[in-house]
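Numbers for residues simply follow the sequence, beginning at 1.
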Amino acid sequence: DVLGSRGLGDVYKRQGFKLSMKDTIERIAENFDIVETQRKIETPIVKGFDKNTNDNSPELSASDHSTYRSVVGTLTFIANTVRLDIAFTVSFLSRHLQKPRQSHLKAAYRVIHYLLKTKNTGLIFGKHKGKLPFKDFRYLDKTAEVKLQDYPKTGKFELITLTDADWAGNVEDRSSQSGQITMLNGNIISWSSRKQRTIAESSAESEYMAISDGSKTALFFKNLMTEIRMNCSYIDLCVDNMAALTLSSHNTLHQKTKHIDIKFHRIRQLVEDKLVKLNLSLIHI
């Protein structure tokens with residue numbers, strides 16, 4: 001919808017466009033016979049639910065199992081289209097598609113209740129977006145191998161990717177979760193929340209792997225922009241972990257990281273080629 005076209009106010013008209021799934025969310029709730037509850041629901045998942053290792057609720061029957069798969073599939077569409085705030089929850093619920101329990105179906109229904117409560121929430125796209133708070137890592141790196149890369153001035157288009165990781169967050173196998181958000185001129189254009197396939201031995205390693213995944217997505221958009229003549233000088237990569245930034249900048253901790261899959265070390269080449277500029281993020285995603 002063009003903001004303001006439905007009486008949403010002048011502020012939205014100035015900001016540009018808003019994408020929401022209000023009508024779709026209402027249809028989904030109707031399809032699953034869910035009515036908006038009066039109780040307060042501020043998060044898509046109950047705090048600590050993904051950490052519970054003593055789930056003794058019964059496994060779903062064949063019909064309920066089919067319902068669960070249908071709900072999670074629908075939520076995946078919503079998460080991938082507009083509602084990035086449910087991305088982690090959907091990722092977690094998707095891990096239990098083979099043998100879901102009653103608690104998982106209840107959690108999936110909770111997400112729909114949450115969406116109903118926040119059905120007007122959406123993404124705003126416009127020309128005038130504020131700058132994200134971050135610091136240039138070139139001036140924060142204190143190691144002996146520091147390289148002060150000289151980047152060109154930013155042009156009309158700025159591509160920013162924020163990455164984060166939940167180290168050993170999966171209590172079943174101690175894998176970590178990667179999260180990334182990519183923005184063009186302050187407008188969110190891509191996001192993801194994925195379980196890391198490699199077990200990280202430290203928070204720095206899990207953040208480092210998240211950086212690698214995030215840089216791939218950002219590089220895809222940079223190449224796409226080049227093809228359609230929306231030239232972008234480089235990608236601003238923002239991370240909130242100094243150790244991970246150091247690993248991404250140079251090979252100063254070789255003995256501690258030589259076991260990491262070589263595919264994750266590609267970020268160093270991107271930095272050296274000035275396709276990526278590292279920054280310390282002052283916000284968390």
Side-chain angles (χ1 to χ4, degrees), residues 14-19 79-85 87-88 121-141 147-166 177-194 204 206-249 264 266-285:
R14 293 194 302 269
Q15 290 181 335
F17 299 84
K18 179 179 180 180
L19 296 181
N80 291 339
T81 308
V82 172
R83 297 299 298 269
L84 65 159
D85 53 333
F88 168 76
T121 299
L123 298 177
I124 296 176
F125 296 87
K127 292 176 61 176
H128 306 293
K129 290 285 188 174
K131 285 277 189 178
L132 288 175
F134 60 79
K135 294 181 179 179
D136 194 330
F137 181 66
R138 290 178 297 172
Y139 307 108
L140 300 175
D141 191 352
K147 295 179 181 178
L148 195 60
Q149 296 274 40
D150 184 21
Y151 287 85
K153 291 183 179 180
T154 56
K156 184 178 180 181
F157 301 104
E158 295 182 347
L159 201 60
I160 299 177
T161 292
L162 294 92
T163 68
D164 206 348
D166 176 22
Q177 188 86 2
S178 291
Q180 70 87 15
I181 296 176
T182 298
M183 293 176 285
L184 175 60
N185 287 2
N187 299 289
I188 298 175
I189 58 175
S190 176
W191 59 88
S192 68
S193 179
R194 298 191 183 98
S206 64
E207 296 272 6
Y208 186 54
M209 294 176 191
I211 289 173
S212 177
D213 290 339
S215 65
K216 291 177 186 176
T217 301
L219 196 59
F220 165 79
F221 282 105
K222 185 180 185 305
N223 292 337
L224 176 62
M225 291 168 62
T226 299
E227 288 187 20
I228 59 178
R229 298 182 181 179
M230 293 173 59
N231 292 323
C232 174
S233 302
Y234 55 84
I235 302 160
D236 267 310
L237 189 60
C238 302
V239 187
D240 62 1
N241 187 290
M242 287 288 288
L245 286 167
T246 301
L247 287 175
S248 303
S249 184
F264 296 116
R266 185 168 179 266
I267 181 62
R268 294 174 182 165
Q269 187 63 50
L270 295 177
V271 173
E272 191 169 327
D273 293 341
K274 300 179 185 178
L275 293 173
V276 168
K277 182 167 75 68
L278 301 173
N279 302 280
L280 177 65
S281 176
L282 302 180
I283 61 174
H284 299 279
I285 62 171

Spatial distance of atom OG1 (Thr226) from atom CZ (Phe221) [nearest 0.5 Å]: 13.0 Å

Please confirm whether the backbone N or O of Val276 pairs with a side-chain atom of Tyr151, one donor and one acceptor, at under 3.5 Å? yes

Measure the spacing between CG of Leu219 and OG1 of Thr182 and express it to the nearest 0.5 Å. 11.0 Å

Would you please say whether a donor-acceptor pair under 3.5 Å links the side chains of Gln177 and Ser193? yes

Within the 3.5 Å criterion, strictly below it, is a donor on Ser178 or Gln180 matched to an acceptor on the partner's side chain? no

How far apart are the C-alpha atoms of Ile211 and Leu247, what are their side-chain angles, what is the distance that settles it, and do they pass the side chain to side chain contact (heavy atoms under 4.5 Å, CB included) test? CA-CA 10 Å; Ile211 289 173; Leu247 287 175; over 6 Å; no

Using the rule side-chain contact (heavy atoms from CB on, under 4.5 Å), only one of Leu84, Ile189, Asn187 pairs with Leu123; which is it? Leu84

Between Thr163 and Val239, is there a donor-acceptor pair closer than 3.5 Å when you use the side chain of the first and the backbone of the second? no

Closer than 3.5 angstrom, by distance alone: can the side chain of Lys277 be matched with the main-chain N or O of Asp136 as a donor-acceptor pair? no

What is the distance from atom CG of Leu245 to atom OG of Ser281, rounded to the nearest 0.5 Å? 9.5 Å

Enter the distance from Leu159:CG to Asp236:CG here, rounded to the nearest 0.5 Å. 8.5 Å

Give a yes or no on whether the backbone of Glu158 and the side-chain of Asn185 come within a donor-acceptor separation of less than 3.5 Å. yes

Heavy-atom donor-acceptor pair, Lys274 side chain to Gln149 backbone, under 3.5 Å: no

Determine whether Asp240 and Glu207 satisfy the following criterion, side chain to side chain contact (heavy atoms under 4.5 Å, CB included), listing intermediate values before the conclusion. CA-CA 9 Å; Asp240 62 1; Glu207 296 272 6; 3.4 Å; yes

What's the separation between atom CG in Asp213 and atom OG in Ser215, rounded to the nearest 0.5 Å? 7.5 Å

Is it the case that the side chain of Trp191 and the backbone of Ala79 share a donor-acceptor pair, with hydrogens and angles ignored and the cut-off at 3.5 Å? yes

Separation between OG of Ser248 and CZ of Arg268, rounded to the nearest 0.5 Å: 7.5 Å

Check whether any side-chain N or O of Asp141 sits under 3.5 Å from a backbone N or O of Arg138 as a donor-acceptor pair, and report yes or no. no

